[in-house]
Amino acid sequence: MKWLRQRMFGSLRTGTAEVERQNIAWNMIGSLIYAGSSMILTALVNHLIGPEQGGIFGFAFSAFGQQMFLVAYFGMRPFQSTDVNQAYTFGEYRRVRLYTCVAAVIFGIIYIFVNSFIVPDGYSRQKTVVVFLMVIYKVLDGFADVYESEFQREGRLYLTGKAMAYRTILSVILFLGALYATQDLVFSCVIAVLAQAAGILLFDWNTMKLVPGVNLSRAAGKSLALIRESFLLFLSVFLDGLIFAMAKYAVDAQMTSMDTAIFVAVFMPTSVINLAANFVIRPFLTKMSYQWEEKKFVEFTRDLKRLVAIILVLTVIALAGAWAIGVPVLGAISNVELAPYKSGLLYIILGGGFFAVMNLFYYVLVIMKCQRRIFFGYVPVCLLSVILSFLLVKIGGINGGAFSYMLEMLVLMMCFMGQAFYVFHRAKKRQGGG
């Protein structure tokens, strides 16, 4: 373990400029590998064992499995990574994350049981097992995040990027290798789960030993206090995940596994846009937290405008690329025919851009300690998404689902931006315009 840690992570970086460079570089690398893994997995499953099984895997991995990741995650990353005053120790964050991971597994089992044994024409035996295994895989991903959030809080975001990159590469290679050798989706998912657990042990738990002064103590009552303080964030993130994936649920419920595979392929670019935006956003979060706490509003506004501009540029580039070559490239990658769904692809990419801006303002509201505003922004949009997604998928199929996603993201973005601007101007007014 010690030899591996030294080989892959070295010793802690020293010097502010060097740390900043490493933070930006490794956060970008880790985020891109994590985003790319989702595309690679769903696409290669389609190629290796066919789009029908690929649709099952795509739903299990990117829709319901991701929803259970959000239960395990409990909305704590932005809270933990910006807890610069150390209101809670790492030991307290980790204990709460264990509780939320157990809750995610229980919730996942209940959902799978209902859809396998109670709903008419429910899940096949294979789909039942695959969805369950992807729940475990994603819950482990949620547990790894508590370590990676602590690296970020300690100003060592490059450790987060390295850990994320290494464990993602390990699980993807072993999963695809098993699938290629056996053509057995269930067995390969078992291998992926074991690889994810090994990755956490090697690259998160092991790496934590590099960070000096991490507090593992747990004070009485602090776990319950942290759950209470994070609960609205959890509900907000959970509703966010539902809104983000509601069109996938609508397609899965009303169309075939082949249609699900097509919709997952059309949906692929959103992961790249969102995680590309996140690797730009995350290095600024701790700095913006200090700016807000110290009431440096000019610097705070400057960085916020810079981040919005970067996201808009990324979205325009993605739209241009999708218009020119998106359909043939994604079709070849995913092994499905996408020619009838070019408009849907453009809707999805534009919606992904809206989502990225919304996500930025979500973090801004967390920094402003306005979790309640976040929650009450999600509730009406979540209800709207259920109606829009199922209605528009029924009317327009895959393109209808894509259009519903774009509308939902636009409404949510405007809601969060409006609330953040209101809080910002109120804070400036209290400061006398300073």
Side-chain angles (χ1 to χ4, degrees), residues 31-49 51-73 104 108 111-112 115 123 127 130-142 145 168 171-172 175-176 179 185 188-189 192-193 196 237-238 240-253 255-276 278 330 333-336 338 341 344-345 348-349 351-352 355-356 359 385 389 393 398 401-402 404-405 408-409:
S31 297
L32 288 176
I33 289 174
Y34 190 87
S37 70
S38 179
M39 294 183 64
I40 290 170
L41 285 174
T42 52
L44 290 183
V45 169
N46 287 352
H47 281 282
L48 291 172
I49 56 176
E52 191 75 22
Q53 291 192 68
I56 293 172
F57 176 80
F59 174 77
F61 181 80
S62 66
F64 187 68
Q66 182 64 18
Q67 197 68 34
M68 292 306 96
F69 164 82
L70 295 177
V71 176
Y73 173 82
Y111 175 90
I112 293 166
N115 281 277
Y123 292 173
K127 187 170 183 177
V130 169
V131 172
F132 172 73
L133 289 170
M134 286 300 98
V135 166
I136 301 299
Y137 181 91
K138 287 291 190 174
V139 166
L140 288 171
D141 197 12
D145 178 78
T168 300
S171 61
V172 167
F175 170 78
L176 291 176
L179 191 63
L185 181 58
S188 302
C189 288
V193 169
Q196 180 79 294
V237 171
F238 186 80
D240 173 84
L242 279 179
I243 296 166
F244 184 78
M246 190 58 69
K248 291 182 183 177
Y249 284 103
V251 171
D252 183 71
M255 303 179 76
T256 67
S257 292
M258 177 66 76
D259 293 315
T260 300
I262 292 171
F263 193 71
V264 169
V266 171
F267 217 80
M268 276 184 186
T270 60
S271 297
V272 177
I273 293 171
N274 296 336
L275 285 166
N278 274 336
L330 282 177
I333 290 173
S334 304
N335 195 31
V336 291
L338 296 181
Y341 310 112
L345 176 61
I348 288 289
I349 290 175
F355 180 86
N359 199 37
S385 75
S389 294
V393 167
I398 290 170
S404 72
Y405 169 80
E408 292 149 15
M409 294 304 104

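All residue numbers refer to positions in the sequence shown, counting from 1.
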Asks: Would you give the length of the straight line joining atom CD of Glu408 to atom CG of Leu242, rounded to the nearest 0.5 angstrom?
Replies: 11.0 Å

Asks: Can you tell me how far apart CD1 (Ile243) and CE (Met409) are? Round to the nearest 0.5 Å.
Replies: 6.0 Å

Asks: Please identify each residue that fulfils side chain to side chain contact (heavy atoms under 4.5 Å, CB included) with Ser188, with sequence neighbours left out.
Replies: Phe175, Ala178, Leu179, Thr182

Asks: Could you walk me through whether Tyr405 and Met246 pass the side chain to side chain contact (heavy atoms under 4.5 Å, CB included) test, one step at a time?
Replies: CA-CA 8 Å; Tyr405 169 80; Met246 190 58 69; over 6 Å; no

Asks: Does a side-chain heavy-atom distance below 4.5 Å link Asp141 with Tyr34?
Replies: yes

Asks: Taking only residues two or more places apart in sequence or in another chain, which ones pass side chain to side chain contact (heavy atoms under 4.5 Å, CB included) with Val71?
Replies: Met68, Ala104, Phe234, Phe238

Asks: List the atom of Gly142, the atom of Ala72, and the distance in Å for their closest heavy-atom pair.
Replies: CA-CB, 4.3 Å

Asks: So, do Leu338 and Leu345 sit near enough that their side-chain heavy atoms are less than 4.5 Å apart?
Replies: no

Asks: Taking atom CD1 of Ile398 and atom CZ of Phe263, what is their separation to the nearest 0.5 Å?
Replies: 7.5 Å

Asks: Among Phe59, Tyr111, Phe69, which residue satisfies the ring pair (Phe, Tyr, Trp, His ring centres under 6.0 Å) criterion with Phe64?
Replies: Tyr111

Asks: Which heavy atom of Ala247 sits nearest to which heavy atom of Gly401, and what is that distance?
Replies: CB-O, 3.6 Å

Asks: If we only count heavy atoms from C-beta on, is the Leu41 to Ser62 side-chain gap below 4.5 Å?
Replies: no

Asks: Is there a side-chain contact between Leu176 and Ile40, using heavy atoms and a 4.5 Å cut-off?
Replies: yes

Asks: Can you name the ring-ring contact (aromatic ring centres under 6.0 Å, His included) partners of Phe355, sequence neighbours left out?
Replies: Phe244

Asks: First locate atom NZ of Lys138, then atom CD of Gln67, and finally report the distance between them rounded to the nearest 0.5 Å.
Replies: 11.5 Å

Asks: Between Gly54 and Asn46, what is the shortest heavy-atom contact and its length?
Replies: CA-OD1, 3.0 Å

Asks: Which atom names give the shortest non-hydrogen contact between Leu185 and Gln53, and what distance separates them?
Replies: CB-OE1, 3.8 Å

Asks: Return the CD to OG1 distance between Glu52 and Thr260, rounded to the nearest 0.5 Å.
Replies: 9.0 Å

Asks: To the nearest 0.5 angstrom, please state how far the OG atom of Ser404 sits from the CD1 atom of Ile348.
Replies: 7.5 Å

Asks: Hey, does the side chain of Asp259 reach the backbone of Thr256 with a donor-acceptor pair shorter than 3.5 angstrom?
Replies: yes

Asks: Test of understanding: with side chain to side chain contact (heavy atoms under 4.5 Å, CB included), list the residues that count as partners of Thr42, not counting sequence neighbours.
Replies: Phe57, Val264, Met268

Asks: What are the two closest heavy atoms between Ala265 and Leu330, and how far apart are they?
Replies: O-CD1, 3.9 Å

Asks: Asp252: which residues meet the salt bridge (Lys or Arg N to Asp or Glu O under 4.0 Å) condition with it, sequence neighbours left out?
Replies: Lys127

Asks: Could you list the residues that satisfy side chain to side chain donor-acceptor pair (under 3.5 Å) with Ser385, not counting sequence neighbours?
Replies: none

Asks: What are the two closest non-hydrogen atoms of Lys248 and Phe267, and how far apart are they?
Replies: CE-CD2, 3.4 Å

